[in-house]
Colleague: 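I'd like to ask some things about the structure below.
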Amino acid sequence: SPEEQAFQDRIDAGERIEPRDWMPEGYRKTLIRQIGQHAHSEIVGQLPEGNWITRAPTLERKAILLAKVQDEAGHGLYLYSAAETLGESRDEMTQKLLDGRMKYSSIFNYPTLTWADIGAIGWLVDGAAIMNQVPLQRTSYGPYARAMVRICKEESFHQRQGYHIMMKMARGTDAQREMAQDALNRFWYPSLMMFGPSDKESVHSAQNMAWKIKINTNDELRQKFVDQTVPQAEFLGLTVPDETLCWNEEKGGYDFAEPDWNEFFEVLKGNGPCNAERIGARQKAWDDGAWFRDGLSAYADKQQARRMAAE
Amino acid sequence: SPEEQAFQDRIDAGERIEPRDWMPEGYRKTLIRQIGQHAHSEIVGQLPEGNWITRAPTLERKAILLAKVQDEAGHGLYLYSAAETLGESRDEMTQKLLDGRMKYSSIFNYPTLTWADIGAIGWLVDGAAIMNQVPLQRTSYGPYARAMVRICKEESFHQRQGYHIMMKMARGTDAQREMAQDALNRFWYPSLMMFGPSDKESVHSAQNMAWKIKINTNDELRQKFVDQTVPQAEFLGLTVPDETLCWNEEKGGYDFAEPDWNEFFEVLKGNGPCNAERIGARQKAWDDGAWFRDGLSAYADKQQARRMAAE
Amino acid sequence: MTQTADVTASALDEALVQWLLRIGDTSLILGHRVSEWCGHAPVLEEDIALANTALDLIGHTQMWLGLAGQIEGKGRDADALVYRRDAMHYRNLKLVELPNDDMAITVMRLFLFDVFHQALIEGLTQSKDPRIAEIAAKALKEVTYHLERSSDLVVRLGDGTQQSHDRMQAALEHLWPYCGEMFWSDAVDETLADAGLAPHPDRLREGWLATVQDILTEATLKAPEGRLDVHLGGKVGRHTEHLGFLLAEMQFLQRAYPDADW
Amino acid sequence: MTQTADVTASALDEALVQWLLRIGDTSLILGHRVSEWCGHAPVLEEDIALANTALDLIGHTQMWLGLAGQIEGKGRDADALVYRRDAMHYRNLKLVELPNDDMAITVMRLFLFDVFHQALIEGLTQSKDPRIAEIAAKALKEVTYHLERSSDLVVRLGDGTQQSHDRMQAALEHLWPYCGEMFWSDAVDETLADAGLAPHPDRLREGWLATVQDILTEATLKAPEGRLDVHLGGKVGRHTEHLGFLLAEMQFLQRAYPDADW
């Protein structure tokens with residue numbers, strides 16, 4: 001249609017789409033799904049890290065971790081707001097999260113078993129997230145792009161803090177080094193999975209790229225992540241759990257083993273180590289908090305009625 | 001009345017009263033209250049000790065503590081059964097416990113704050129309990145007297161185990177000795193309170209003694225307890241927290257300070273450190289367990305119906 | 001004369017260390033309880049606000065206990081004090097160690113404490129000890145904000161639905177008998193007050209009662225009739241059964257890996 | 001020849017230690033979870049029975065881990081193994097570390113485990129290692145009784161009220177994906193099985209399924225259709241997030257007072 005053509009022309013010209021602009025239904029729906037899923041990931045992502053707040057080994061680490069988890073809740077807030085500009089409310093999206101109609105990043109279905117996991121999440125998981133998110137600062141939808149700018153800035157702090165934890169552990173006692181290596185072993189492949197399966201031939205992907213909702217292919221980002229991360233692991237003196245890993249001079253990047261995509265799809269289906277726990281925790285927070293939310297909104301209604309009566 | 005006289009004659013002759021025998025209403029009521037309160041004390045008494053089962057410092061200590069708490073539940077069972085022979089059901093008594101119409105020993109309203117408290121409870125609290133219970137093996141009501149025989153046998157084990165914990169602590173590291181002394185400091189006066197205020201001139205008491213429901217006065221028992229316990233504390237190298245304590249050659253016993261009876265009555269009124277917690281825990285167990293008890297009795301009904309249908 | 005002055009100075013320092021442990025431990029344990037909500041709050045804004053409160057309180061802990069360790073002079077820093085003391089050596093108020101249970105308890109506890117805390121910190125900005133005054137000055141804006149926020153929530157939830165009202169009232173009844181410990185004092189408090197280092201706890205009671213009463217009235221809640229001071233002892237190391245579990249969790253890594261650096 | 005035999009013996013011992021940690025840790029952690037009910041069970045008879053089960057399991061732990069320490073030969077006794085290992089060195093099944101939640105989970109877990117445990121212990125009475133056979137012989141009567149009791153409860157609660165039925169069914173669905181780990185095996189299990197020391201876990205699967213199915217049918221419950229083996233890893237030290245908290249609590253005294261004797 002001419003409208004669609006005009007819309008595509010604006011995108012091609014590098015213009016930002018804003019909430020009141022006309023947009024194709026597919027663009028709107030895809031964005032709601034993508035931004036909503038990203039928001040949910042921030043929210044659910046509080047849980048594996050929150051798991052160690054009460055056990056952080058020093059006051060400073062505790063404060064840093066608290067601040068990080070708080071940032072994630074803040075990111076969730078920006079992102080829900082961005083999605084709401086597209087016409088879906090936060091509560092609707094939350095319902096869809098709880099009943100399984102919307103997803104969150106599968107990485108958060110893995111448990112945090114030692115303090116080193118908090119380091120690994122910052123280093124690897126936030127590292128992968130940044131890799132995904134940096135290009136999205138140039139995404140075509142204005143509110144989303146602006147949210148990404150704020151988020152990327154904070155995420156890079158988080159990544160550095162995570163790497164610092166890993167450094168302390170990798171250069172610490174034998175027990176600490178063992179935990180650090182074990183964390184890398186457990187989080188390496190799930191981190192690679194964060195970019196999703198190869199999408200070279202996906203039609204869906206092509207449309208999203210045309211719309212500038214997606215900027216790079218999954219494989220490009222994954223390669224970039226590996227190339228960035230392997231030297232960091234070497235610097236820590238840790239071993240990436242991939243015997244096939246080696247530098248490929250020709251392509252100027254590492255060759256590496258694919259993660260087990262079967263595991264990826266199993267986790268997606270709900271068979272990850274913590275799927276039930278994560279959604280269970282969010283459901284419990286939602287249910288237990290109903291009286292609280294109801295109380296606040298009843299008060300707001302009363303206040304409004306009082307104001308109106310006073311006029 | 002002639003019945004009452006005959007009843008009293010039997011008691012004076014040292015006969016045992018059995019469930020089907022005639023008895024005065026006051027005797028029945030007093031016994032239900034006394035046995036029920038004793039049963040409740042066993043049940044509530046599981047809580048302060050149970051608090052340390054998951055944190056017992058060795059497997060052997062854990063096993064001993066588990067066995068002890070299990071014994072207490074068992075004592076509760078005998079005692080409820082003894083009270084049931086007098087016509088009040090366990091569930092009725094439980095309701096009275098939960099709504100405050102029946103009491104349990106106030107000592108269990110004190111918290112267990114360190115592992116030494118587990119020792120102190122065995123040594124002092126079980127010690128005081130035995131002092132109370134040994135004479136009750138000769139009480140006039142048969143089922144109660146027989147329950148007491150079983151209970152006293154087990155309690156004396158518990159007391160020895162408790163004393164053994166104290167010994168290990170008192171002769172252990174500085175930190176352990178500090179915990180042991182602190183436990184004695186906190187449990188000394190509450191243990192003295194376990195015998196109740198002086199009842200020398202209580203009419204109530206006199207009747208109970210005539211009925212052989214009560215054998216000794218509270219003050220007699222308290223004196224006996226102090227005389228037994230002070231040398232034990234000395235042997236441990238611990239200091240009884242009573243500066244006035246001294247041997248009275250003339251009476252052949254220790255002079256000692258009275259506990260703060262004001263505190264006693266406050267705890268009785270519900271203002272002890274753990275009253276709300278203890279009853280709250282029992283209420284929660286009762287409420288959370290409703291579906292379980294209902295399930296079992298529904299099954300029993302179905303089985304009965306099936307048997308009848310099959311006949 | 002000099003010797004007497006020295007003895008006095010050392011006695012003052014000893015009291016000061018105890019006093020700093022009390023305020024530092026109280027911040028720490030309350031911060032810990034609040035941090036347990038992370039990711040589990042009833043609404044995202046609360047996740048953020050509670051994390052923020054916890055962060056402030058952990059920050060205060062670092063300052064108070066850092067100073068305590070410094071004055072004590074035995075080489076213990078804030079982390080050593082936090083991670084290597086057992087319950088009987090903790091000096092926090094019992095009020096702050098009770099479990100969160102639900103948001104009603106959490107909000108009500110924050111409110112009841114914040115009223116006291118704000119007045120205390122404000123008083124401490126006038127401390128004759130510049131180290132205390134400085135910490136208080138840093139904390140004042142935060143604790144003032146805490147109080148604003150918790151009072152506001154108490155009003156909104158108290159005057160919300162019947163259920164939210166009832167839960168807030170029940171929370172108030174539950175916590176009330178623990179509040180008296182905030183105003184309880186012993187020689188430590190006397191010493192600090194006499195030296196002009198800290199307001200006497202007793203002096204904060206009346207203001208607390210007045211503010212609490214105002215907010216409760218606005219919240220359509222009723223102040224309980226029972227005693228405020230049923231549950232004392234935290235300030236001298238006699239805690240509830242809850243603290244041991246909290247510390248076992250909090251201290252695990254430092255206890256299990258005593259040689260490690262984090 | 002001798003040297004090869006020596007290497008083999010030492011490899012066998014290594015596998016044996018791992019295997020003993022698995023069975024010992026599983027007993028320990030299940031015993032711990034069961035012991036959490038003390039004083040909180042829905043009916044007094046259950047308080048007694050659960051304490052009894054916990055006691056049996058702690059007793060088994062002492063024997064299995066005692067033997068593990070002895071064969072390991074590094075001077076660690078059962079207490080050292082229990083109180084001084086962190087989660088990643090624990091080898092228990094994930095099934096037993098899940099929280100109790102409610103009595104439905106507790107009873108259903110005991111049942112699902114007891115069916116396996118009884119068959120395993122019975123098989124172990126035939127072990128070619130007399131130390132194992134002896135422990136199994138001591139434990140057999142107890143685990144047989146555990147199974148009787150838990151099967152009976154599953155039937156009565158499954159076929160009780162609608163609510164007790166639904167709770168038991170929900171517990172079954174919750175626990176089912178953890179059950180496959182009981183039959184999962186690696187080189188450790190192969191080595192033990194090849195040497196005639198322990199039944200191969202795989203060989204216990206069919207009998208387990210049959211017994212479980214029988215009891216579930218009697219209990220009017222339905223075996224879930226999903227995979228049994230979703231949650232593996234406990235046997236090689238990859239646990240759930242719950243184990244760390246459990247250990248922090250359990251190990252507190254030994255960690256906080258490393259020099260003390262109890």
Side-chain angles (χ1 to χ4, degrees), chain B residues 39 43-63 65-74 76-77 80 90 94 114-115 165 168-169 171-173 175-176 179 281-282 284-303, chain D residues 28 31-52 54-55 58-59 61-62 65-66 77-79 81-83 102-104 107 153 155-168 219 246 249-254 256-257 259-262:
Chain B
I43 300 311
V44 176
Q46 293 181 90
L47 298 172
E49 296 187 285
N51 187 41
W52 282 89
I53 288 176
T54 57
R55 291 178 291 174
T58 68
L59 290 173
E60 197 190 344
R61 291 284 174 211
K62 192 190 289 280
L65 183 56
L66 259 169
K68 181 179 179 196
V69 176
Q70 188 191 21
D71 283 348
E72 281 154 12
L77 210 54
Y80 283 127
R90 197 208 297 180
T94 299
T114 72
W115 175 250
I165 289 176
K168 277 285 202 180
M169 303 281 287
R171 302 189 174 176
T173 64
Q176 284 177 302
M179 287 188 238
R282 293 308 303 162
K284 185 171 188 309
W286 183 254
D287 293 345
D288 289 355
W291 72 269
F292 182 95
R293 296 187 302 274
D294 293 347
L296 294 192
S297 67
Y299 179 81
D301 292 348
K302 284 189 205 177
Q303 282 297 86
Chain D
L28 172 72
H32 183 102
R33 284 297 185 211
V34 173
S35 80
E36 291 175 344
W37 279 104
C38 258
H40 305 278
V43 60
L44 192 46
E45 285 78 1
E46 281 304 309
D47 269 315
I48 297 173
L50 289 169
N52 195 57
L55 258 175
I58 299 303
T61 305
Q62 289 176 298
L65 295 186
D77 61 7
D79 280 335
L81 288 169
V82 165
Y83 289 98
D102 68 359
M103 272 295 282
V107 168
L153 275 178
V155 168
R156 288 154 72 198
L157 293 166
D159 190 19
T161 60
Q162 185 65 44
Q163 197 194 359
S164 71
H165 176 276
D166 293 349
R167 277 179 180 256
M168 293 303 281
L246 184 157
E249 183 175 321
M250 184 175 84
Q251 299 177 337
F252 178 74
L253 285 176
Q254 290 271 359
Y257 303 97
D259 304 328
D261 214 25
W262 305 93

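In what follows, chains are A, B, ... by sequence order, proteins preceding strands, each numbered from 1.
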Colleague: Pick one of side chain, backbone, both or neither for D:Glu46, based on which atoms fall under 4.5 Å of a heavy atom in chain B.
Modeller: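 Just the side chain, heavy atoms under 4.5 Å.
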Colleague: In terms of heavy-atom pairs under 4.5 Å, which option from B:Thr94, B:Thr173, B:Leu296, B:Val44 contacts chain D the most?
Modeller: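 Ranked by heavy-atom pairs under 4.5 Å with chain D, first place is B:Leu296.
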Colleague: I'd like to verify something: which residue of D:Asp47, D:Thr161, D:Leu44 has the highest number of heavy-atom pairs under 4.5 Å with chain B?
Modeller: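 Looking at each of D:Asp47, D:Thr161, D:Leu44 in turn, D:Leu44 comes out on top.
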Colleague: As an exercise: rank D:Glu45, D:Glu36, D:Met168 by heavy-atom pairs under 4.5 Å with chain B and give me the winner.
Modeller: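 If we count pairs closer than 4.5 Å to chain B, D:Glu45 comes out on top.
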Colleague: Taking every non-hydrogen pair under 4.5 Å, which of D:Gln62, D:Gln251, D:Arg167, D:His40 racks up the most with chain B?
Modeller: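 Of D:Gln62, D:Gln251, D:Arg167, D:His40, D:Arg167 has the most heavy-atom pairs under 4.5 Å with chain B.
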Colleague: How close do B:Ala56 and D:Tyr83 get, heavy atom to heavy atom, and via which atoms?
Modeller: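 Taking B:Ala56 first and D:Tyr83 second, the nearest heavy atoms are O-OH, 2.7 Å.
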Colleague: Could you look at B:Thr58 and say if it's the side chain, the backbone, both or neither that has a heavy atom under 4.5 Å from chain D?
Modeller: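 Both the backbone and the side chain of B:Thr58 come within 4.5 Å of chain D.
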Colleague: Against chain B, label D:Glu249 side chain, backbone, both or neither, depending on which of its atoms sit under 4.5 Å from a heavy atom there.
Modeller: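 Both backbone and side chain.
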Colleague: Which bit of D:Leu65 is near chain B, if near means a heavy-atom gap under 4.5 Å: side chain, backbone, both or neither?
Modeller: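 Answer is neither: D:Leu65 stays 4.5 Å or more from chain B.
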Colleague: Please flag which part of D:Ile58 lies under 4.5 Å from any non-hydrogen atom of chain B: side chain, backbone, both or neither.
Modeller: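 Just the side chain, heavy atoms under 4.5 Å.
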Colleague: Which bit of B:Ile43 is near chain D, if near means a heavy-atom gap under 4.5 Å: side chain, backbone, both or neither?
Modeller: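 Contact with chain D: side chain only.
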Colleague: Of all the heavy-atom pairs spanning B:Pro57 and D:Gln254, show the shortest one and how long it is.
Modeller: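 Nearest heavy atoms, B:Pro57 then D:Gln254: O-NE2, 2.7 Å.
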Colleague: For B:Glu60, is it the side chain, the backbone, both or neither that has a heavy atom under 4.5 Å from a heavy atom of chain D?
Modeller: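 Interface part for B:Glu60: both.
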Colleague: Need one label for B:Leu59: side chain, backbone, both or neither, based on atoms under 4.5 Å from any heavy atom in chain D.
Modeller: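 It is both, since atoms from each part get that close.
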Colleague: Between the side chain of B:Glu72 and the main-chain N/O of D:Gly39, is any donor-acceptor distance below 3.5 Å?
Modeller: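 No, B:Glu72 side chain to D:Gly39 backbone: no donor-acceptor pair under 3.5 Å.
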Colleague: Please examine the side chains of B:Lys62 and D:Asp79, heavy atoms only from C-beta on, and report whether any two atoms are closer than 4.5 Å.
Modeller: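 Counting from C-beta outward, D:Asp79 and B:Lys62 never come under 4.5 Å.
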Colleague: Which answer fits B:Asp294, side chain, backbone, both or neither, if we ask what part of it has an atom under 4.5 Å from a heavy atom of chain D?
Modeller: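 The answer is both parts of B:Asp294.
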Colleague: If we define contacts as heavy-atom pairs under 4.5 Å, which of B:Arg61, B:Gln70, B:Arg171, B:Arg293 has the most with chain D?
Modeller: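 Of the candidates given, the most pairs with chain D belong to B:Gln70.
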Colleague: Any idea which heavy atoms bring D:Gly160 and B:Ala298 closest together, and the distance?
Modeller: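 Heavy atoms of D:Gly160 and B:Ala298 come nearest at C-CB, 3.8 Å.
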Colleague: For B:Lys284, is the NZ atom crowded, meaning more than 12 foreign heavy atoms sit under 6.0 Å from it?
Modeller: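 Incorrect, the count does not exceed 12.
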Colleague: Please look at D:Leu153 and chain B and tell me whether the side chain, the backbone, both or neither of the residue comes under 4.5 angstrom of a heavy atom of that chain.
Modeller: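 For D:Leu153, the side chain is the part near chain B, not the backbone.
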Colleague: Please classify the contact between D:Val155 and chain B as side chain, backbone, both or neither, with a heavy-atom cut-off of under 4.5 Å.
Modeller: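 For D:Val155, heavy atoms of backbone and side chain both lie under 4.5 Å from chain B.
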Colleague: Among B:Arg282, B:Gln303, B:Glu49, which residue has the highest count of heavy-atom pairs closer than 4.5 Å to chain D?
Modeller: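 Ranked by contacts with chain D, first place is B:Arg282.
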Colleague: Is it the backbone or the side chain of D:Phe252 that comes under 4.5 Å from a heavy atom of chain B, or both, or neither?
Modeller: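 Neither the backbone nor the side chain of D:Phe252 comes within 4.5 Å of chain B.
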Colleague: Provide the closest heavy-atom pair for B:Ala285 versus D:Ala41 in the form atom of the first, atom of the second, distance.
Modeller: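 Distance-wise, the nearest heavy atoms are CB-O, 3.8 Å.
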Colleague: Taking atom OG of D:Ser35 and atom CD1 of B:Ile53, what is their separation to the nearest 0.5 Å?
Modeller: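 D:Ser35 atom OG to B:Ile53 atom CD1 measures 6.0 Å (nearest 0.5 Å).
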Colleague: Consider side-chain contact (heavy atoms from CB on, under 4.5 Å). Of B:Leu66, B:Leu65, B:Val69, which one does D:Leu55 pass it with?
Modeller: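 Among B:Leu66, B:Leu65, B:Val69, the one that satisfies the side-chain contact (heavy atoms from CB on, under 4.5 Å) with D:Leu55 is B:Leu66.
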Colleague: I need the B:Lys168 NZ to D:Asp261 CG distance, nearest 0.5 Å.
Modeller: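 It comes to 4.0 Å.
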Colleague: Looking at B:Gly50, B:Ala67, B:Ser297, B:Gly45, which has the largest count of heavy-atom pairs under 4.5 Å with chain D?
Modeller: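 Option with the top pair count is B:Ala67.
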Colleague: Pick one of side chain, backbone, both or neither for D:Ala54, based on which atoms fall under 4.5 Å of a heavy atom in chain B.
Modeller: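 For D:Ala54, the contact with chain B is made by backbone and side chain together.
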Colleague: Taking the side chain as C-beta and beyond, is there a heavy-atom pair between D:Asp166 and B:Trp291 under 4.5 Å?
Modeller: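 Counting from C-beta outward, D:Asp166 and B:Trp291 never come under 4.5 Å.
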Colleague: Which heavy atom in D:Asp159 sits nearest to a heavy atom in B:Tyr299, and how many Å separate them?
Modeller: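 Minimum heavy-atom separation between D:Asp159 and B:Tyr299: O-CD1, 3.5 Å.
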Colleague: Given heavy-atom pairs under 4.5 angstrom as the criterion, report whether the side chain, backbone, both or neither of D:Ala49 touches chain B.
Modeller: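 Neither; nothing under 4.5 Å.
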